[in-house]
Amino acid sequence: MSFPLLTATALLPAIGAVATAAVPAARRNAAKALALLVSLGTLALAVIILVRFDPGGDRYQLTESHSWIADFGVRYELGVDGIAVALIALTALLIPFIILAGWHDADPLETGSKRWRPTQGFFALILAVEAMVIISFEATDVFLFYIFFEAMLIPMYFLIGGFGDRAHEHGEAAASTQRSYAAVKFLLYNLVGGLIMLAAVIGLYVVAGNFSLTEIAEARANGSLDMATNTERWLFLGFFFAFAVKAPLWPLHTWLPNAMGEATAPVAVLITAVVDKVGTFAMLRFCLQLFPEASKWATPAILVLALISIIYGALLAVGQRDIKRLVAYASISHFGFIIMGIFAMTSQGQSGATLYMVNHGISTAALMLVAGFLISRRGSRLIADYGGVQKVAPVLAGTFLIGGLATLSLPGLAPFVSEFLVLVGTFARYPVIGIVATFGIVLAALYTLVLYQRTMTGPVKPEVSAMPDLRVRELAVVAPLIVLLIFLGVYPKPVTDIVNPAVKQTLSDVHEKDPKPEVEAAK
């Protein structure tokens, strides 16, 4: 039997979470070091997956299959395509930076204080989320996927509610109340979506007789499993609703600004750069493969919702007073682009959407983590409390600017390529949607540059006059992300080579081909 590489990649952070939680309370630094070491080990395994994956080979590779609950057709089935490989690599890459950035986020609130923040628990929960996200990308059994799709809500709930941002304009008591509200809202929204999906999962089993994604998709392709039109549409809506909550898509998005605003900056990155990607990934893997006709039936409505998300998220980002909520609304706009690319049903759109998942994760991590360093120095999330930071902390201001420019998809930085592909792919089939979506780029430039102007330029406010620049640990977090943004902006081929074959197979599942350009014949 070959080495179970996929299982090991998910199991290592799971074991690391237990080991980190078991470190004695007095040895906080040992717990942090252990969590970082485990995350680096997981990254090494993800690199091995990346190296061993053959983009020109079978659709699902490094597969594992074992009987689990045989009486109900549930199997422990894992396999990765190019899209999953790219997102596993993204997850494993970001977790070490999240841990380093949050190195002091769970330290005691005050020297000698009895109000203890369980450091070990904080880092253990991050590793637990990593394990659940990775196995969600690997699972090819629908029931197995569902278990971890829902289970990741538990550690995320405690990370938001128990380790929230200490910077609050109305003091610690108000901050605690807001954290609790944000955590409960996050949990309720996603639980409702998960319960609706559970009904659809059961319905799929009744129709198909098993939970295997590959078997069901193959049966659908060869005609041995023929779903009634209404049945397929209802099942599709059950799956899509849960994924649209997780993504999040307007109007199911309202939990995200609260969760990102009240969480620490590293946990906010964990939410939007890692956990939320499970929703958009699942649209590609499950919605389009299992319910191809229903996916095409729902496409016009989904594209309208995605377009609303793009414009609505960007407009609300323009009017934000809170730095972290601004990034949250910007992410809603970006997820609109990703979903639009998925349902444009073109190779450019879906390649751009997958590339956007990776690039958005890197760019949002860079911007939000630098914003977190900024907020921890000043003790405020309000934009109005800053001014002239570039004069006293030029490196911090410079990295903040690059993260912001990546967010607005400046040419030469990674998100530009993905956003361009999404727009080209959408315009090829839905030109009106593509044209209107471009206004999201204009609004992105507005909210990003206004944010930078108000916080970094102008007279130096007294409260920031002694602000220190980025420290070595903080530079170790930000510098690699900036390098990646530039590298993938100039040379995205390593990612597109991996994801393009999977995108073509997904288009084949829904029986779609790229529309031919309408070129007037030469006279």
Side-chain angles (χ1 to χ4, degrees), residues 12-13 16 20 23 27-47 50 89-107 119-120 122-127 129-130 159 163 165-166 263-274 323-324 327 358-378 389-390 392-407 413-414 456 467-489:
L12 178 59
T20 302
V23 172
R27 303 192 63 187
R28 296 193 310 277
N29 289 332
K32 298 175 185 179
L34 176 60
L36 181 60
L37 183 64
V38 169
S39 69
L40 292 173
T42 306
L43 176 58
L45 290 175
V47 170
L50 198 61
L90 172 70
T91 301
L93 173 71
L94 290 181
I95 295 299
F97 296 129
I98 288 171
I99 289 173
L100 268 178
W103 200 254
H104 297 298
D105 286 357
D107 287 348
T119 305
Q120 289 83 342
F122 178 75
F123 293 100
L125 289 169
I126 291 174
L127 292 176
V129 172
E130 179 182 24
L159 283 169
F163 300 92
D165 196 347
R166 303 178 190 181
T264 63
V267 172
V269 171
L270 187 64
I271 295 169
T272 191
V274 176
I323 297 173
K324 292 168 70 178
V327 178
V358 175
N359 292 338
H360 172 264
I362 299 170
S363 62
T364 298
L367 180 61
M368 179 60 85
L369 292 178
V370 176
F373 299 148
L374 178 70
I375 292 167
S376 67
R377 285 158 164 73
R378 174 68 177 82
V389 174
Q390 68 179 13
V392 297
V395 177
L396 188 154
T399 52
F400 189 80
L401 178 61
I402 295 174
L405 293 176
T407 298
L413 296 176
M456 302 295 163
M467 180 177 288
D469 214 333
L470 291 182
R471 302 178 178 92
V472 174
R473 172 180 61 85
E474 296 165 336
L475 281 171
V477 171
V478 177
L481 297 174
I482 299 298
V483 170
L484 274 174
L485 286 174
I486 297 171
F487 175 76
L488 292 178

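The structure displayed is predicted, hence computed values, not measured ones.
- Contact between Leu374 and Ile323 at its shortest, heavy atoms only, is CD2-CD1, 4.2 Å.
- Considering all non-hydrogen atoms of both residues, Ala263 and Ile271 come closest at CB-CD1, 4.4 Å.
- Side-chain atoms of Phe122 and Val267, non-hydrogen and from C-beta on, do get closer than 4.5 Å to each other.
- To the nearest 0.5 Å, atom NE2 of residue His360 and atom CD1 of residue Ile362 are 11.5 Å apart.
- Here the closest heavy-atom approach between residue Met467 and residue Ala393 is recorded as O-CB, 4.4 Å.
- Using a 4.5 Å heavy-atom threshold, the side chains of Leu159 and Thr264 count as separate.
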Between His104 and Arg473, is the side chain to side chain contact (heavy atoms under 4.5 Å, CB included) condition met? List the steps. CA-CA 11 Å; His104 297 298; Arg473 172 180 61 85; 3.6 Å; yes

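- For the atom pair Leu34 CG and Phe123 CZ, the distance stands at 11.0 Å (nearest 0.5 Å).
- Arg471 meets the salt bridge (charged side-chain N to carboxylate O under 4.0 Å, His left out) test with Glu474; sequence neighbours excluded.
- Side-chain atoms of Ile95 and Leu270, non-hydrogen and from C-beta on, do get closer than 4.5 Å to each other.
- Looking at Leu481 and Leu369, their side chains come closer than 4.5 Å, going by heavy atoms from C-beta outward.
- Going from atom OG1 of Thr20 over to atom CD1 of Ile126 covers 10.0 Å, rounded to the nearest 0.5 Å.
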Test Val389 against Phe400 for side chain to side chain contact (heavy atoms under 4.5 Å, CB included), laying out the working first. CA-CA 11 Å; Val389 174; Phe400 189 80; over 6 Å; no

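- When all heavy atoms are compared, the tightest approach of Ala265 to Gly372 is CB-CA, 3.5 Å.
- Panel note: side chain Lys32, backbone Ile99; no donor-acceptor pair is recorded below 3.5 Å.
- Annotation: the span from Leu485 atom CG to Leu413 atom CG amounts to 6.0 Å, rounded to 0.5 Å.
- Between Met456 and Leu401 there is no side-chain heavy-atom pair separated by less than 4.5 Å.
- For Arg377 (side chain) and Asp469 (main-chain N/O), a donor-acceptor pair under 3.5 Å exists by modelled atom type.
- Side chain of Asp105 to backbone of Phe163: no donor-acceptor contact under 3.5 angstrom is found.
- Distance check, rounded to the nearest 0.5 Å: OG of Ser363 to CD1 of Ile482 gives 10.0 Å.
- Considering all non-hydrogen atoms of both residues, Leu36 and Ser39 come closest at O-OG, 2.7 Å.
- For Thr272 (side chain) and Val269 (main-chain N/O), no donor-acceptor pair under 3.5 Å exists by modelled atom type.
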For the pair Val477 and Leu470, evaluate side chain to side chain contact (heavy atoms under 4.5 Å, CB included) and give the outcome as yes or no after the intermediate values. CA-CA 10 Å; Val477 171; Leu470 291 182; over 6 Å; no

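- The two residues Leu94 and Gly361 have their closest heavy-atom pair at CD1-O, 3.9 Å.
- When atom types are taken as modelled, the side chain of Thr399 and the backbone of Leu396 share a donor-acceptor pair closer than 3.5 angstrom.
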